[in-house]
Asks: 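Handing you a structure now.
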Amino acid sequence: MKREGLLYIVSAPSGAGKTSLCKEVVDILPNLRHSVSHTTRTARPGEIHGVDYFFVSPGEFLRMVDAGEFAEWAHVHGNMYGTAIKTLEEFRHDGVDVILDIDCQGALKLKERFGCGVYIFILPPDLQELRRRLNQRNSETPETIERRLEAATDEIRESRWYDYIIVNVLFQQAADELKSVLLAEHCRTGRVLKAVSEIFDIQ
Ligand code: 5GP
């Protein structure tokens, strides 16, 4: 049965474990690809251009904005981040699923602009644990951590309009829940009914 490629949009406050969860499901599910965003932030140790992000200058980013090359973009924590239309188009053929790890502003823009996609919000167990995880990263300055924690409450408020909320208490359990959501979405009646009608010749 031919299946359409789905767009999964995953948001979370910084430190909730979203990036690791997205990587985990991309490793497990052969039909799933990760959309690589463009950003003006500098690469953290170990991050690779074209794999984690396309790291571009503010000038290049704004050129892409003016040229209408982004499906969505936003200012997040003092930097600009965006999903290039080209990146989505490269993936969304032949039934390939795409997972986007983007902030709430960008997610809302995608929802309003395209009206499609499955929206998933990852929560930390509580704010204390979020602080602990951000401190543990060792890649953030104290100012960055405070800025990200301040933003967290506003971001968590946005979870109400997402399709799913996953609380990341234990990583493996959260990964299993995310995987279940991604797989279950393909079984929605609305997505398979047309093919079923054709195969079984029912109206
Ligand atoms: P980080 O700098 O920690 O990698 O990401 C900071 C925030 O930017 C995260 O919430 C991440 O989801 C978001 N982000 C990453 N890529 C994009 C993007 O293409 N568009 C938007 N709107 N947000 C993004």
Side-chain angles (χ1 to χ4, degrees), residues 7-26 33-58 60-62 64-65 67-92 98-114 117-124 127 130-131 133-159 161-162 164-166 168 174 178:
L7 202 58
Y8 303 111
I9 295 96
V10 182
S11 303
S14 214
K18 169 184 48 146
T19 307
S20 306
L21 286 169
C22 288
K23 281 198 174 124
E24 177 78 4
V25 288
V26 167
R33 306 279 184 279
H34 181 253
S35 160
V36 180
S37 296
H38 286 68
T39 183
T40 58
R41 104 157 145 67
T42 46
R44 296 186 187 123
E47 284 185 327
I48 300 168
H49 179 80
V51 175
D52 299 285
Y53 282 105
F54 294 108
F55 297 98
V56 295
S57 65
E60 170 60 6
F61 195 98
L62 291 174
M64 291 179 72
V65 171
E69 292 181 23
F70 286 119
E72 63 73 32
W73 71 276
H75 286 277
V76 190
H77 310 311
N79 290 297
M80 291 181 280
Y81 295 80
T83 310
I85 293 172
K86 188 164 161 270
T87 305
L88 295 185
E89 282 174 352
E90 276 169 8
F91 285 137
R92 288 206 71 200
V98 184
I99 193 161
L100 272 68
D101 165 345
I102 65 175
D103 90 311
C104 306
Q105 308 168 73
L108 194 56
K109 284 181 199 164
L110 277 186
K111 192 168 184 147
E112 287 172 351
R113 183 167 173 189
F114 299 106
V118 181
Y119 294 78
I120 304 159
F121 202 94
I122 312 284
L123 280 177
L127 290 176
L130 190 66
R131 179 183 287 278
R133 289 181 189 176
L134 282 172
N135 279 321
Q136 213 178 30
R137 270 186 181 177
N138 276 336
S139 58
E140 319 282 352
T141 62
E143 296 76 40
T144 311
I145 292 178
E146 286 313 315
R147 209 188 309 156
R148 292 189 174 214
L149 280 168
E150 273 168 32
T153 311
D154 286 337
E155 288 166 336
I156 290 168
R157 199 170 287 122
E158 296 294 312
S159 63
W161 60 262
Y162 280 70
Y164 296 92
I165 294 177
I166 293 173
N168 181 12
L178 181 57

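Keep in mind that what you see is a predicted model, and the values were worked out from it rather than measured. Read the numbers this way: they start at 1 and go in the same order the structure lists the ligands and their atoms.
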Asks: Considering non-hydrogen atoms of the protein only, which is the closest contact for atom 11 (C) of ligand 1, and what is the distance?
Replies: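 Nearest protein contact, heavy atoms only, for atom 11 (C) of ligand 1 is K18 NZ, 3.3 Å.
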Asks: Could you pull out, from D103, I102, L110, the option with a heavy atom nearest to atom 22 (N) of ligand 1?
Replies: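 The option holding the nearest heavy atom is D103.
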Asks: Give the residue and atom name of whichever protein heavy atom lies nearest to atom 19 (O) of ligand 1, and the separation in Å to one decimal.
Replies: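 Answer for atom 19 (O) of ligand 1: S37 OG, 2.7 Å.
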Asks: For T83 and L88, what are the C-alpha separation, side-chain angles and deciding distance, and is it a side chain to side chain contact (heavy atoms under 4.5 Å, CB included)?
Replies: CA-CA 8 Å; T83 310; L88 295 185; 3.8 Å; yes
Asks: For the pair L21 and I122, evaluate side chain to side chain contact (heavy atoms under 4.5 Å, CB included) and give the outcome as yes or no after the intermediate values.
Replies: CA-CA 9 Å; L21 286 169; I122 312 284; 3.7 Å; yes
Asks: Between E155 and ligand 1, which part of the residue brings a heavy atom under 4.0 Å of the ligand: side chain, backbone, both or neither?
Replies: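 No part of E155 comes within reach of ligand 1.
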Asks: Using distance alone, determine whether R137 and ligand 1 share an N or O pair under 3.5 Å.
Replies: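 For ligand 1, there is no N or O atom that lies under 3.5 Å from one belonging to R137.
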Asks: Looking at R148 and L134, would you say the former's side chain and the latter's main chain have a donor-acceptor pair under 3.5 Å?
Replies: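 A pair under 3.5 Å: no.
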Asks: Which option, T39, D101, V76, owns the non-hydrogen atom nearest atom 7 (C) of ligand 1?
Replies: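 Checking each option, the heavy atom nearest atom 7 (C) of ligand 1 is found in V76.
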Asks: Identify the closest protein heavy atom to atom 20 (N) of ligand 1: which residue and atom is it, and at what distance?
Replies: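 Checked against all protein heavy atoms, atom 20 (N) of ligand 1 sits closest to E72 OE2, 2.8 Å.
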Asks: Below 4.0 angstrom from a heavy atom of R41, which ligand 1 atoms are there? Numbered from 1 as shown, please.
Replies: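 Atoms satisfying the 4.0 Å criterion: 1 (P), 2 (O), 4 (O).
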Asks: Give the atom numbers and elements of ligand 1 that come within less than 4.0 Å of a heavy atom of A74.
Replies: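 Heavy-atom distances to A74 below 4.0 Å select 22 (N).
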Asks: Students should be able to answer this: which protein heavy-atom is nearest to atom 6 (C) of ligand 1, and at what distance?
Replies: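 Ranking protein heavy atoms by distance from atom 6 (C) of ligand 1, first comes Y81 OH, 3.5 Å.
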Asks: Provide the number and element of each atom of ligand 1 under 4.0 Å from a heavy atom of R148.
Replies: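 In order of numbering, the contacting atoms are 2 (O), 3 (O).
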Asks: Of all heavy-atom pairs between A107 and I102, which one has the smallest distance, and what is that distance?
Replies: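 For A107 and I102, the tightest heavy-atom pair comes out as N-CD1, 3.5 Å.
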Asks: ring-ring contact (aromatic ring centres under 6.0 Å, His included), that's the test. Do Y119 and Y8 meet it? Break it down for me.
Replies: CA-CA 6 Å; Y119 294 78; Y8 303 111; over 10 Å; no
Asks: Is it true that a side-chain atom of K109 and a backbone atom of W73 form a donor plus acceptor pair closer than 3.5 Å?
Replies: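 A pair under 3.5 Å: yes.
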Asks: Could you find the nearest protein heavy atom to atom 5 (O) of ligand 1 and give me its residue, atom name and distance?
Replies: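 Checked against all protein heavy atoms, atom 5 (O) of ligand 1 sits closest to Y53 OH, 3.3 Å.
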Asks: At the 4.0 Å heavy-atom cut-off, does R44 count as touching ligand 1?
Replies: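 Distance cut 4.0 Å: R44 passes for ligand 1.
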Asks: By number and element, which atoms of ligand 1 are closer than 4.0 Å to a non-hydrogen atom of G106?
Replies: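 Matching atoms, with element in brackets: 22 (N).
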Asks: The test is ring-ring contact (aromatic ring centres under 6.0 Å, His included); show your working for F61 and Y81 and say whether it passes.
Replies: CA-CA 9 Å; F61 195 98; Y81 295 80; 8.2 Å; no
Asks: Between S37 and F54 (side chain of the first, backbone of the second, donor and acceptor by atom type, cut-off under 3.5 Å), is there such a pair?
Replies: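 No; zero donor-acceptor contacts below 3.5 Å.
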Asks: Short N/O distance, under 3.5 Å, between H38 and ligand 1?
Replies: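 The answer is no, given that H38 and ligand 1 share no N or O pair closer than 3.5 Å.
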Asks: Assess the side chains of D103 and S11: does a donor N or O sit below 3.5 Å from an acceptor N or O?
Replies: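 Per modelled atom types, D103 and S11 side chains form no pair under 3.5 Å.
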Asks: Please check if the side chain of Q105 supplies one atom and the backbone of H75 the other of a donor-acceptor pair under 3.5 Å.
Replies: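 Side chain of Q105 to backbone of H75, a donor-acceptor pair under 3.5 Å: yes, one is there.
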